[in-house]
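Heads up: the structure comes next, in structure tokens.
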Amino acid sequence: MKSMSNVDIYTISDELNNLLSGARVDKSFQPTSDIVVMRFHVPGTGRIDLVMQCGSRIHTSQYPLENPTTPPSFPMLLRKRIKGAHVESIKQHNFDRVIEIKVKKDKYYTIIVELFDKGNIILLDDENNIIQPLKRKQLSARDISSKKEYKFPEERGMNPITVTEEELKELFENTESDVVRTLAMNGLGSLYAEEIIQRANNIIDIDKNTPTSQLSDTQVKEIHRSLKELFDNLKNGLIKPQIVKKDSKEDVVPLNLVKYADFEKTSYNTFNEACDEFYSKKVNSSIKNVKEAAWNKKVRKFEKRLNLQQETLDNFTKTIEESQHKGEVIYSNYSTIENIINVVNTAWSNNYSFKEIGKTLKKAKKDGMAEAQIYESIDKMGVLILNIADTTLNINPKLTIPENAEIYYEKAKKAKRKTKGALIAIENTKKQLEDIKSKKDIAMERVAVPKKRVKKNLKWYEKLRWFISSDNILVIGGRDANSNEMVVKKYLEPNDIYLHADIHGASSTAIKLNGNELNENTIKESGEFAASFSSAWSMGFTTQDVYWVHPDQVTKTPEAGEFLPKGSFVIRGHRNYIRGARVKLAIGIVDYEGKRIMAGPVESLEAHCDNYVVLKPGFTKKEAIAKKILNKINEDDLLTLDDIIRVLPSGKCDIDEEYHLRKKYEKN
């Protein structure tokens, strides 16, 4: 996969600076060992994901990558240090393949993205010291380690945006290489080096292999003119982002290039969009290969185990057959074996050593003695090795013939007993192998070409917390301090009802009656909604008191000498309490002005959809629980993981398995 050139990085950094200046830093992720994704919130635009891949690329992306359930240490550090910070600037360092992202929180921080060689991503403090790099490196001139001062790579090459004709001429005079290599090695890369020479050739002939020392003043002048013609467009923002393709050759460039004149071109509004389309699918393909290799390793582990177990079973079967056969051979040659045993025992009783006995038997065999023809050898313990009808037997002269035969029969029985265990083990391994192959297939389907994240046109209430009660009444709630203000100031009408959990840190909730009568059912469900979207959830409470009042009791005017923070209100007069409102939610897809995801009290989901998931405060992180929910309710492929995460309460969750088991039992 091609790495971004200095020209690409110049264009990208300029676009990113215009897009993200003033943006708020949100969470960071690390989908793979060399890719970090930083999420930003841009006022008026919303979420923007910035993908940074060491030594390769940096651009915004609408193709979300699958993130690990447990984030690695580097993105966790970014979350801790710079989440909530605001972007000050994004710029390229000295027309090099290095980008500086400067943000401000309690102090200034800088994220360095190195896109040369194998690359790196490094977090610096306000004194330019390294807080932590993604990859620790110790080079002769640079030590990329925590608490070390960060040093930029040695400056080399030229800046084609600002280079003068005199500077270009001086560069050529001090170089011994040919013209195309000189331009390529001084910041332009081979593509733009050849492009400049090709453009210059429209005016004057220049062989790209001409040594720079042999260039005429006219040729140098024309090379500089071509260079300025090309890069003045870049300097003035007159870019033409495009993906070019011809046969197997494909590239992404920010400018119209003569070199790609006969290529098929696909244009984009921004270079970030072009890079996203060019890189994202290729990267996902490489991620798929890595994950497939990891799954194949697991599959091979079970296949290897199965082969070993099958081999062991075959050995047991062979042992049974051979041992039974040997026992039968012993009995069918009873007298012959008994004769040679008697010879050995007689000689041994007359103080002959087993070595001497062996020599005697060997000589007898050589001399043609019939009884000695089955003899092969005898060991130092006196055990005879006989060969009868091409069957090798170990015979202990100290034992009787039946006892020797029984040794082989017992060996066959033992192997037979072990065969049962081997068969059970093989069946278990086969099941495990089928299971791991099934998991692999499911995992590989999920890693298929990523779906482009399309910004949805949300209804006004979807920008808030909301649900439709079982009596078809809309209930809304704030997501944060700003939306709490909106609920009261913009959406709370005189005939509505205002609710709030009786705990610090809760959503301002409004029942939009729209002329309907208020009933106990709607009050109960709205109370559970307000309780669940409060700090009671993150604290692990199962119930929480909630109060409700009329809109004219809600005011932003504090008592004299007091101050109300944003999103807070003063309640005057009598409060009506809902004691012990249940802290529990259900999530499903409902048909309300079109199909959309809804999180609300269990009864409201029971009334409006068949397929839903009930949640309770628990211990599972949002991303992990969201994946489970997505698998259960996303039947028509309407939702993304982000849609699920957006409607979850603040804090960890678990699926209420007891509820679902009870429902399953009731259906049966």
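Throughout, residue positions are numbered sequentially from 1 according to the sequence presented.
- Between Phe271 and Pro254, the closest heavy-atom pair is CE1-N, 3.5 Å.
- Side-chain contact annotation: Ser438 with Asp435, donor-acceptor N/O pair under 3.5 Å absent.
- Crowding of Met185 atom CE: a count of heavy atoms from other residues, nucleotides or ligands under 6.0 Å not exceeding 12.
- Side-chain contact between Pro153 and Val98: present, with at least one pair of heavy atoms (C-beta onward) separated by less than 4.5 Å.
- The number of heavy-atom neighbours closer than 6.0 Å to NZ of Lys148, taken from other residues, nucleotides and ligands shown, is 12 or below.
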Quiz prompt | Steps toward side chain to side chain contact (heavy atoms under 4.5 Å, CB included) verdict (Gln219, Phe172) | solution = CA-CA 11 Å; Gln219 287 175 319; Phe172 288 156; over 6 Å; no
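- For the pair Glu222 and Arg225, the salt-bridge criterion is met [side-chain N within less than 4.0 Å of a carboxylate O].
- By the 4.5 Å heavy-atom criterion applied to side chains, Gln214 and Val179 are not counted as neighbours.
- Using a cutoff of 4.0 Å between basic side-chain nitrogens and carboxylate oxygens, Asp262 and Lys246 are scored as salt-bridged.
- Side-chain N/O atoms of Ser5 and Asp8 include a donor and acceptor closer than 3.5 Å.
- Between Lys627 and Glu623 no salt bridge is recorded (no basic side-chain N to carboxylate O distance below 4.0 Å).
- We find that Asp143 and Lys151 are not joined by a salt bridge, their nearest charged nitrogen and carboxylate oxygen being 4.0 Å or further apart.
- Applying the side chain to side chain contact (heavy atoms under 4.5 Å, CB included) test between Thr60 and each of Val51, Leu16, Asp49 identifies Leu16 as the sole match.
- Atoms CG and CG, from Asn129 and Leu123 in turn, are 11.5 Å apart once rounded to the nearest 0.5 Å.
- Using a 30° and 60° split on the angle between ring planes, Tyr192 and Phe231 fall in the tilted class, from 30° to 60°.
- One side chain, Lys566 or Asn482, offers a donor N or O that lies under 3.5 Å from an acceptor on the other.
- Residues Tyr150 and Ile144 are in side-chain contact: their nearest non-hydrogen atoms beyond the backbone lie under 4.5 Å apart.
- Using a 4.0 Å cut-off between a side-chain N of Lys or Arg and a carboxylate O of Asp or Glu, Lys2 and Asp251 qualify as a salt bridge.
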Self-check item: CA sep, side-chain torsions, deciding dist, call: Gln132, Ser146, side chain to side chain contact (heavy atoms under 4.5 Å, CB included)
Solution: CA-CA 5 Å; Gln132 186 174 316; Ser146 300; 4.3 Å; yes
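- Enclosure of atom CZ in Arg181 is not indicated, since only 12 or fewer non-hydrogen atoms of other residues, nucleotides or ligands lie within 6.0 angstrom.
- Here the shortest heavy-atom pairing between Cys653 and Ile625 reads O-CD1, 3.9 Å.
- More than 12 heavy atoms of other residues, nucleotides or ligands shown are found within 6.0 angstrom of CD on Glu250.
- No side-chain donor-acceptor contact under 3.5 Å links Gln92 and Asp14.
- With a 4.5 Å cut-off on side-chain heavy atoms, Lys632 and Ile655 count as touching.
- Cation-pi geometry between Arg142 and Phe152 is not satisfied (NZ or CZ under 6.0 Å from the ring centre, within 45° of the ring normal).
- Sparse packing is recorded around NZ of Lys221, with 12 or fewer heavy atoms of other residues, nucleotides or ligands lying under 6.0 Å away.
- Heavy atoms only, all atoms of each residue included: Thr164 and His224 are closest at C-NE2, 3.3 Å.
- At a threshold of 4.5 Å between non-hydrogen side-chain atoms, the residues Ile112 and Glu100 count as touching.
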Practice problem: Decide yes or no on side chain to side chain contact (heavy atoms under 4.5 Å, CB included) for Leu257 and Phe263, but give the supporting numbers first. | Solution: CA-CA 10 Å; Leu257 300 182; Phe263 278 56; over 6 Å; no
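- Looking at every heavy atom in both residues, Trp295 comes nearest to Ile436 through CZ3-CD1, 3.7 Å.
- Taking 4.5 Å as the limit, every side-chain heavy atom of Val36 sits out of range of all side-chain heavy atoms of Ile111.
- Within 6.0 Å of the NZ atom in Lys105, the count of heavy atoms belonging to other residues, nucleotides or ligands exceeds 12.
- Of all the heavy atoms in Asp247 and Lys245, the pair that sits closest is O-CE, 4.1 Å.
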Exercise. Apply the test side chain to side chain contact (heavy atoms under 4.5 Å, CB included) to residues Arg596 and Lys459: give CA-CA distance (whole Å), side-chain angles for both, the deciding distance (0.1 Å), then the verdict.
Key: CA-CA 10 Å; Arg596 60 194 75 249; Lys459 296 287 185 179; 3.5 Å; yes
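- Partner of Lys259 under the side-chain hydrogen bond (donor to acceptor under 3.5 Å, both in side chains) criterion, out of Glu195, Gln198, Glu194: Glu194 alone.
- In this structure, Thr212 contributes its side chain and Ser177 its backbone to a donor-acceptor pair below 3.5 Å.
- Using a 4.5 Å heavy-atom cutoff, the side chains of Lys80 and Ser28 are not in contact.
- The 12-atom threshold is not exceeded at NZ of Lys595, counting heavy atoms of other residues, nucleotides or ligands nearer than 6.0 Å.
- In this structure, the side chains of Cys54 and Ile121 come closer than 4.5 Å at one or more pairs of heavy atoms.
- The minimum heavy-atom distance linking Gln30 with Pro75 is given by the pair OE1-CD, 3.2 Å.
- Atom CG of Asp205 is surrounded by 12 or fewer heavy atoms from other residues, nucleotides or ligands within 6.0 Å.
- Inspection of the Asn296 and Lys440 side chains reveals an N or O donor paired with an N or O acceptor under 3.5 Å.
- There is a side-chain donor-acceptor pair under 3.5 Å between Thr110 and Lys102.
- Put simply, CG on Leu20 and CZ on Phe40 are 5.5 Å apart, with the number rounded to the nearest 0.5 Å.
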